[in-house]
Amino acid sequence: MISTWSRAAGRTLGAVRGTSAPMTYGLIALCALIFALGPASGLVPGYGSGDALLAAQRAYFRHWGVVPAELFEKPAGAALTPATALFVHGSWVHLLGNMLFLFVFGAMTEERMGRVEFTLFYVGCGYLALLGYAAANATSGQSLVGASGAVSAVLGAFLYLFPRARVTSLLPFLFFLPLRFPAWVVLPLWAALQWLAAGRASDGPGVAYLAHLVGFGLGFGYAWVRYGRKKGGPEGGPGRAVVGDGRATRVKAAPAPVTEGEKQP
């Protein structure tokens, strides 16, 4: 069994290293592995079932997730939790939604930034997004988990770097018809919806929309400062990174990434 897992891991790592965006796919694989081994996946019998499983999930989220009240009361012991929380997800839907959007928007962003810079950008912006949410809800005892603060930063950077990339979106009010729009239309609309939702959000379990907004703003701001001063700026000028044969880039995606926050328990 161990040898089988070792061979599978070796093939996976080899495939990741052979891609043009190894860190994006590596992050997806790492999040999936951590989720599969945790209590929220339901795949590990050792966590029990029923009330025992729910108790294990709560303890797991509290240990690895961000608890704002504890973060600022015990900063020495909880300072790493905004980083560990990026790799923990509360449900299959939470995981798959975030990883879908990292897969769609992460590869092109990584190709533009480079592997090391993209990884530091992802973790750093994700950390600050969760920290920003915790600062705004400093008395909350709810644990916060998920990668969508970091994924939102990737969306913000993508918007600046590839504003004219064609994003295929499924709009519910149009009966989920797949329609293609430029990133400069889709992503600001997504950010506006997060802003509206953040205004109605409560302090209970659910979605940390503020973390999305902080991450999105950090990602866009970083790309603006980092690449805006270069000749040609973002996609469309002489300094842009060419994807494929140079024709209009097309990206397929769902309406919005699954959101951050303690959706379970």
Side-chain angles (χ1 to χ4, degrees), residues 16-17 19-32 34 66 79-89 95 97-135 144-163 165 167 183-184 186-188 190-191 194 208 210-230 232-237 239-243 249 251 253 256-260:
V16 167
R17 283 195 295 265
T19 67
S20 59
M23 300 313 302
T24 295
Y25 303 131
L27 288 167
I28 292 172
L30 180 60
C31 286
I34 290 174
V66 178
L80 288 178
T81 56
T84 59
L86 294 176
F87 302 95
V88 178
H89 290 82
L95 171 73
N98 280 333
M99 295 305 100
L100 168 64
F101 273 77
L102 180 56
F103 174 79
V104 169
F105 294 99
M108 287 175 62
T109 306
E110 180 183 344
E111 289 176 11
R112 182 67 173 86
M113 290 184 175
R115 299 174 184 179
V116 175
E117 182 181 348
F118 175 79
T119 303
L120 294 176
F121 163 81
Y122 179 89
V123 175
C125 288
Y127 185 102
L128 292 175
L130 294 181
L131 191 65
Y133 176 87
L144 182 68
V145 297
S148 53
V151 174
S152 297
V154 173
L155 298 184
F158 187 95
L159 173 61
Y160 183 81
L161 296 172
F162 307 104
V167 179
W184 65 265
V186 175
L187 296 181
W190 172 85
Q194 304 306 298
L210 180 60
H212 303 171
L213 292 171
V214 173
F216 188 84
L218 287 171
F220 186 88
Y222 176 87
W224 182 23
V225 172
R226 174 72 172 83
Y227 299 98
R229 297 176 183 178
K230 289 187 176 182
E235 179 199 39
R240 72 181 177 95
V242 178
V243 180
T249 307
V251 179
V258 169
T259 45
E260 195 86 38

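Just the heavy atoms: all of them, side chains too, but no hydrogens, waters or symmetry mates, feed the values below. These figures come from a predicted structure and were not determined experimentally.
- In this structure, CG in Leu27 is found 13.5 Å from CZ in Phe103, a value given to the nearest 0.5 Å.
- The two residues Leu130 and Ala211 come nearest to each other via the heavy atoms CD2-CB, 4.5 Å.
- By the 4.5 Å heavy-atom criterion applied to side chains, Tyr227 and Met113 are counted as neighbours.
- Residues Leu86 and Ala150 share a closest heavy-atom pair of CD2-CB, 4.2 Å.
- Taken to the nearest 0.5 Å, the OG atom of Ser152 stands 8.0 Å off from the CG atom of Leu213.
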Fill in: Worked check of side chain to side chain contact (heavy atoms under 4.5 Å, CB included) between Tyr122 and Leu102
CA-CA 10 Å; Tyr122 179 89; Leu102 180 56; 3.8 Å; yes
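- Between Arg112 and Phe162, some side-chain heavy-atom pair lies under the 4.5 Å cut-off.
- The two atoms that bring Val151 and Asn98 nearest to each other are CG2-O, 3.9 Å, heavy atoms only.
- For the pair Thr24 and Phe105, the minimum side-chain heavy-atom distance is 4.5 Å or more.
- At a threshold of 4.5 Å between non-hydrogen side-chain atoms, the residues Phe220 and Leu155 do not count as touching.
- Nearest heavy-atom pair across Ala107 and Ala21 is CA-CB, 3.7 Å.
- No side-chain heavy atom of Ser20 sits under 4.5 Å from any side-chain heavy atom of Glu110.
- Looking at Glu117 and Tyr222, their side chains do bring a donor and an acceptor atom within 3.5 Å of each other.
- The heavy-atom pair separating Phe121 from Ala157 by the smallest distance is CZ-CB, 3.7 Å.
- Closest approach of Cys31 and Phe87 over heavy atoms only: SG-CD2, 3.8 Å.
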